[in-house]
Every structure is written in structure tokens, then in C-alpha cells.
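Okay, so here's the structure we're looking at.
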Amino acid sequence: MDTYELRRAAALSLLATLTMVSAVIAATVDEIPVTTKSAAARMDFIAGQAALDRGDGPEANALFRAAAGADPDFTYAWFNLGNVAFSTEEFAESLKSAAASATKASEGERLLVQINQRFLDNDFQSQLALAQQLVDKYPRSARAWLTLAGVQAGLNQFVDQRQSIARAMALDSRLASAPLAMGNSYLFNEPRDFAQAEQYFRQAIALEPGEDNYWWALGDVYRATNRLEEAREYYTRATLLDPHDGTAPVKLGHVDSFLGHYDAARSDYDRGIANADAATKPFLANFRSFTWVYAGEPKTAVAALEKLATDSDSMDVPEDQRAGAKVFALTNAAQIASHTALYDDATRVIGELAATLRANAKIVGTEEFSAIQEAQIAYQEGQLAARRGDYAQATSLAKKNSELVAKQQNPRKMENYHDLMGLINLSQKKYGASVAEYRKADLTNMYTRYHLALALAGAGQTDEARRIFKEVGAWNFNTAGFALVRKDALARAS
């Protein structure tokens with residue numbers, strides 16, 4: 001019996017218990033209704049929700065897909081399937097199905113659908129208003145407050161996000177996904193507090209001590225504080241709890257990448273990829289490619305990522321899951337090639353990425369989403385133009401990006417414009433102007449923070465620059481951007 005079947009069987013055996021305690025829970029919690037007449041669909045939904053709560057996206061995807069298959073009018077199942085989608089296409093198609101059946105659903109389920117519809121429009125302000133309506137309608141629903149917290153995080157409103165998570169924890173002290181969310185907020189979002197992150201991850205572990213995901217989340221705290229060998233211990237413990245999990249071996253690969261043990265890292269990644277389900281494998285394989293960046297061989301990394309993008313076309317998964325893997329690989333390849341002056345490679349990769357993004361836009365089929373994709377293309381092309389020294393073209397593309405996002409109801413819509421203008425000014429040694437632009441870009445992104453530090457150093461603000469270089473160098477969470485700048489950030493910090 002595979003992991004999915006084991007999880008499903010466990011959920012089914014618990015269904016009777018859940019039903020018995022539901023009356024007691026209702027005395028203190030008014031949850032968003034789950035509307036379906038199918039017992040089988042409800043069982044799969046409960047199992048899928050449990051998988052989603054503990055962070056097992058692939059299992060949740062399979063279970064919500066099964067629930068929607070058993071009841072095609074199951075709005076909440078379609079909504080949650082979108083939340084664990086592997087691509088924009090899968091998200092959009094799931095959302096369309098959720099909306100089509102929403103007239104048969106509860107008001108809470110309809111509000112959830114509307115929140116995700118605004119995501120496709122990049123209308124974060126309307127998302128926030130709808131999420132607030134949700135908690136007003138269901139003030140004793142822990143899941144409603146977690147939904148609001150997710151929207152607040154998207155707006156970088158992290159203090160408000162933590163208050164919403166705290167409300168969820170107070171409403172349902174047994175819901176482990178709430179302290180998990182709080183731990184992740186303190187781990188990744190400003191103001192960061194690693195002691196608080198550890199406390200909340202340990203709280204999740206106390207609720208579900210056999211859940212491997214919570215142990216590797218705790219390992220992430222040690223990785224963030226540069227205690228890499230201690231992090232390895234927690235990742236190893238997670239592999240013992242679930243030998244078939246793909247994530248913990250991948251995190252071991254991150255540790256070995258940062259320590260410079262590249263062959264060991266590739267072996268770790270291979271083990272994680274082998275354990276993963278078909279839809280997750282190509283995403284995890286990106287990290288294996290990053291080992292070549294850390295090793296100083298970016299061209300090998302770009303070639304591996306391009307092959308990964310090509311191979312995704314023949315993946316044995318639903319077609320709407322393939323595009324997400326392809327976009328992820330090509331976006332990473334474009335960033336690596338542009339940054340390392342592999343300009344011919346970057347031109348080719350960005351052309352492939354643009355074609356894929358435009359194909360995605362046709363499938364989603366809205367003017368708003370098409371503009372989002374075109375804005376991303378202009379940003380990628382502008383990055384390459386700036387790196388090549390064609391500042392007039394880069395500035396023109398930055399302007400195009402700003403025009404394409406102008407209608408969005410999203411206070412963060414101009415971040416990529418400012419990021420690109422920061423690079424244009426930095427490349428021309430206009431350090432003061434570059435600092436001003438980068439301060440308005442997405443400074444939750446360590447690659448962007450590194451470039452702000454470069455501009456600060458050029459402007460003579462060495463103390464702040466050194467502090468940021470130190471922060472970036474010790475970030476220890478694996479992305480293409482981090483792989484590109486880690487070594488230099490550490491050198492500049494010292």
C-alpha cells in the first residue's frame with residue numbers, strides 16, 4: 001500500500017471519531033461548511049485537508065482530485081485542489097470548476113472561491129476585503145482566520161498575519177497547521193525571530209509528533225541560523241519517520257550544497273527526487289541543477305534546467321500540471337544565464353519562457369492574467385538588456401512593465417519595475433538612484449537585498465551594506481538567486 005493509500009485509510013478510520021466530536025467542536029468553533037452529499041467525496045476531502053494542513057501538497061492534490069471526482073459539484077474540493085495546484089493552468093481550471101458549482105455551496109465556500117478569483121487578477125486589495133468578510137461571517141472559524149492570514153502575508157502585512165494566526169490558534173488549539181504557519185512566518189518574514197519559529201514548530205510537533213514535515217521544519221530553523229550539522233540531524237530524523245518522503249532528502253542536499261559537498265548533495269537530491277511523486281519530481285530537480293552554480297559552473301546548470309523544461313512536456317501527469325514545472329525551470333535558467341553573462345543562452349531561454357507564459361495566458365483566458373504574463377516577460381527581457389549594457393532598451397522594458405501592471409489593485413505591483421530600475425542604475429554606477437529604487441523593490445527576496453547592498457556599498461553606506469551582505473550570505477534557503485550571490489555576499493560581509 002503506497003503513502004497515499006495509507007493516509008486515506010487512516011482518514012477513513014478516523015471519520016467516525018471526527019463525526020462524534022463534531023458536536024463538541026461546534027460549541028466553540030463555527031467552521032466554514034463543507035457542502036457535499038457524497039460520503040466518499042467527504043472522506044477524501046477530510047483526508048486531503050489533513051494532508052494540506054501538514055504540508056503534503058502532492059497527497060492533498062490527489063485526494064482533493066478524488067473528492068471532486070466523486071462529486072463534481074463539490075466547490076470546497078475544487079477550491080482546495082486549486083490551492084495545491086502544480087501550475088497556473090491547474091489552478092485556473094480548478095477555480096473554474098469551483099465557481100461553476102458555487103451556487104450549490106455555502107456562503108463561506110463562495111467567499112473562498114471569490115478570494116482565489118481575485119488572485120488571478122492580482123487584485124490583492126479585493127482579496128483582503130473578501131477575506132475580512134469571511135472572518136466576519138465565521139468569526140469562530142480557525143480556517144477562516146488562516147485564510148485571512150494568507151492574504152495578509154501576500155501583502156507583506158506580517159504583523160497582521162501573525163495576529164490572525166494567533167486567533168486561529170486560540171480558536172482551535174489542536175490544529176497543528178496554525179503553529180506551523182506561525183513558525184514559518186517568524187522564520188521567513190520580517191521581523192524574523194528564530195527563537196519564536198522554533199517554539200511554534202515544537203508546538204506543532206507536540207500536537208503530531210509522528211509527522212515528518214514538522215521535524216524538517218524545525219531543521220529549517222537550524223539551517224537559517226547556520227547550524228547546518230544540527231539541521232542535518234532533524235532532516236535525518238524526518239527521513240526515519242517517513243522513508244518515502246522526498247522533501248527531507250532534498251533539504252539534506254541543501255545542507256551539503258552550502259558545505260561544498262556537491263557530489264553528496266546530488267546524491268541527496270537524487271534520493272529525494274526518486275521518492276517524490278511524478279508531479280513534484282521536476283520541481284525538486286531544479287535544486288540538483290543549482291549545485292553547478294555553487295560549484296562555479298553556471299553553463300552546466302543552465303543546460304540541465306533547459307533539459308528539465310523540455311522533459312516536462314512528456315511528464316506522466318495531467319497536462320495542466322506540466323506547464324508549472326516548465327515555467328519554474330526556465331525562470332531559474334534565465335536568471336542564472338543573465339546574471340553570469342551567458343547572454344546567448346539567456347536570450348534563448350527567455351524566448352522559451354515567453355512562449356510558455358503566453359500559452360498559459362491563452363489557457364486562463366483573461367485580459368488581466370495576460371497582462372500579468374506580459375509584465376513578467378518584459379521584466380525578464382529588461383534584466384537581460386540591463387546586464388548587456390543596453391540601458392535604453394532596459395528602461396523601455398521597465399516602462400512597459402509598469403504600464404502592464406498599472407491597472408492592478410495590488411500595492412506591490414511596482415516592485416519588479418523598481419527592481420529593474422535599480423539594476424539599470426547600479427550597472428551605470430548611479431548608486432544613490434539605485435538605492436532609492438531597490439528600497440521600493442521586493443526586499444523579502446535575498447537576491448534583491450544583495451543588489452541593494454551592492455548599491456549601498458557603492459554609495460559609501462558601508463555599515464548597512466555589510467549588515468545586509470551578512471544577512472544574505474547566511475540566509476541558507478535554496479533558490480537560483482541565492483546560489484548566484486551567496487559566495488560573494490559572504491566575502492563582502494567579512
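When reading the values below, keep in mind they use all heavy atoms of this one structure, side chains included, and skip hydrogens, waters and symmetry mates.
- Side-chain contact annotation: Y235 with H254, donor-acceptor N/O pair under 3.5 Å absent.
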> Run the side chain to side chain donor-acceptor pair (under 3.5 Å) check on N83 and N116 step by step: do they pass?
Replying inline: CA-CA 9 Å; N83 287 340; N116 274 10; 2.9 Å; yes
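- Without hydrogens or angle criteria, D123 side chain to S126 main chain gives a donor-acceptor distance under 3.5 Å.
- Ring centers of F91 and F86: at least 6.0 Å apart, outside the cut-off.
- In this model, a donor atom of one side chain and an acceptor atom of the other lie less than 3.5 Å apart for S185 and R162.
- Between the side chains of S289 and N286, no donor N or O sits under 3.5 Å from an acceptor N or O.
- Panel note: side chain S396, backbone A392; no donor-acceptor pair is recorded below 3.5 Å.
- At distances below 3.5 Å, at least one donor-acceptor pair connects side-chain atoms of K413 with backbone N or O atoms of A406.
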> What do the steps show when you test R449 against E471 for salt bridge (Lys or Arg N to Asp or Glu O under 4.0 Å), and what is the final call?
Replying inline: CA-CA 9 Å; R449 289 184 74 82; E471 176 187 338; 3.1 Å; yes
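- N478 and F290 get closest at one heavy-atom pair: OD1-CD1, 3.9 Å.
- Using a 4.0 Å cut-off between charged side-chain N and carboxylate O, K362 and E89 make no salt bridge.
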>> Is there a salt bridge (Lys or Arg N to Asp or Glu O under 4.0 Å) between D270 and R266? Walk through the geometry before answering.
In response: CA-CA 6 Å; D270 286 341; R266 290 171 197 132; over 6 Å; no
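- Among R232, R288, R271, R223, the one residue that satisfies the salt bridge (charged side-chain N to carboxylate O under 4.0 Å, His left out) test with D256 is R232.
- R322 has no carboxylate O lying under 4.0 Å from a charged side-chain N of D313, or vice versa, which leaves the two without a salt bridge.
- Using a distance-only test at 3.5 Å, with no hydrogens or angles considered, no donor-acceptor pair links the side chain of K326 to the main chain of T310.
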> Q125 and N410: side chain to side chain donor-acceptor pair (under 3.5 Å), yes or no, with the steps?
Replying inline: CA-CA 6 Å; Q125 296 288 37; N410 177 4; over 6 Å; no
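- Taking the side chain as every heavy atom from C-beta outward, V250 and F283 never approach each other to under 4.5 Å.
- Scored by the salt bridge (charged side-chain N to carboxylate O under 4.0 Å, His left out) test, R237 finds no partners at all (sequence neighbours excluded).
- Side-chain contact, Y431 with Q461: no donor N or O sits under 3.5 Å from an acceptor N or O.
- Between E306 and R348, at least one side-chain N (NZ, or NE/NH1/NH2) sits under 4.0 Å from a carboxylate O, which counts as a salt bridge.
- Ion pairing of R358 with E374 is present here, as a side-chain N (NZ or NE/NH1/NH2) and a carboxylate O approach within less than 4.0 Å.
- Using a 4.0 Å cut-off between charged side-chain N and carboxylate O, E93 and K96 make a salt bridge.
- The side chain to side chain donor-acceptor pair (under 3.5 Å) test with D419 singles out one residue from N445, N401, T448, and that residue is T448.
- Judged by distance alone, the side chain of R387 and the main-chain N or O of H339 form no donor-acceptor pair under 3.5 Å.
- Of the inter-residue distances, the one linking N332 atom CG with T479 atom OG1 reads 8.0 Å to the nearest 0.5 angstrom.
- Between the side chain of S94 and the main chain of E90, a donor-acceptor pair closer than 3.5 Å is present.
- Remark: R54 fails to qualify as a cation-pi partner of Y214 under the 6.0 Å distance and 45° angle criteria applied to the six-membered ring.
- No close placement of the Y450 and Y447 rings is indicated, their centers lying 6.0 Å or farther apart.
- S427 places no side-chain N or O within 3.5 Å of a backbone atom of I424 that could act as its donor or acceptor partner.
- In this structure, a donor-acceptor pair under 3.5 Å is present between the side chains of S164 and Q152.
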>> Between D311 and K307, is the salt bridge (Lys or Arg N to Asp or Glu O under 4.0 Å) condition met? List the steps.
In response: CA-CA 6 Å; D311 290 347; K307 184 178 186 304; 2.8 Å; yes
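- A salt bridge links R492 with D488: at least one charged nitrogen is closer than 4.0 Å to a carboxylate oxygen.
- Under the 3.5 Å distance criterion, the side-chain polar atoms of Y438 are matched with a main-chain donor or acceptor of L423.
- Contact between G481 and Q335 at its shortest, heavy atoms only, is N-OE1, 3.3 Å.
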> After noting the C-alpha distance and the side-chain angles of Y186 and M182, does the key distance pass the side chain to side chain contact (heavy atoms under 4.5 Å, CB included) rule?
Replying inline: CA-CA 6 Å; Y186 279 111; M182 189 73 91; 3.8 Å; yes
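- Looking at N476 and Y222, their side chains never bring a donor and an acceptor atom within 3.5 Å of each other.
- For D242 (side chain) and A238 (main-chain N/O), no donor-acceptor pair under 3.5 Å exists by modelled atom type.
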>> For S257 and Y269: C-alpha separation, side-chain torsions, deciding distance, then whether side chain to side chain contact (heavy atoms under 4.5 Å, CB included) applies.
In response: CA-CA 10 Å; S257 292; Y269 290 134; 3.3 Å; yes
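- Side-chain atoms of S402 come within 3.5 Å of backbone N or O of K399 as a donor-acceptor pair.
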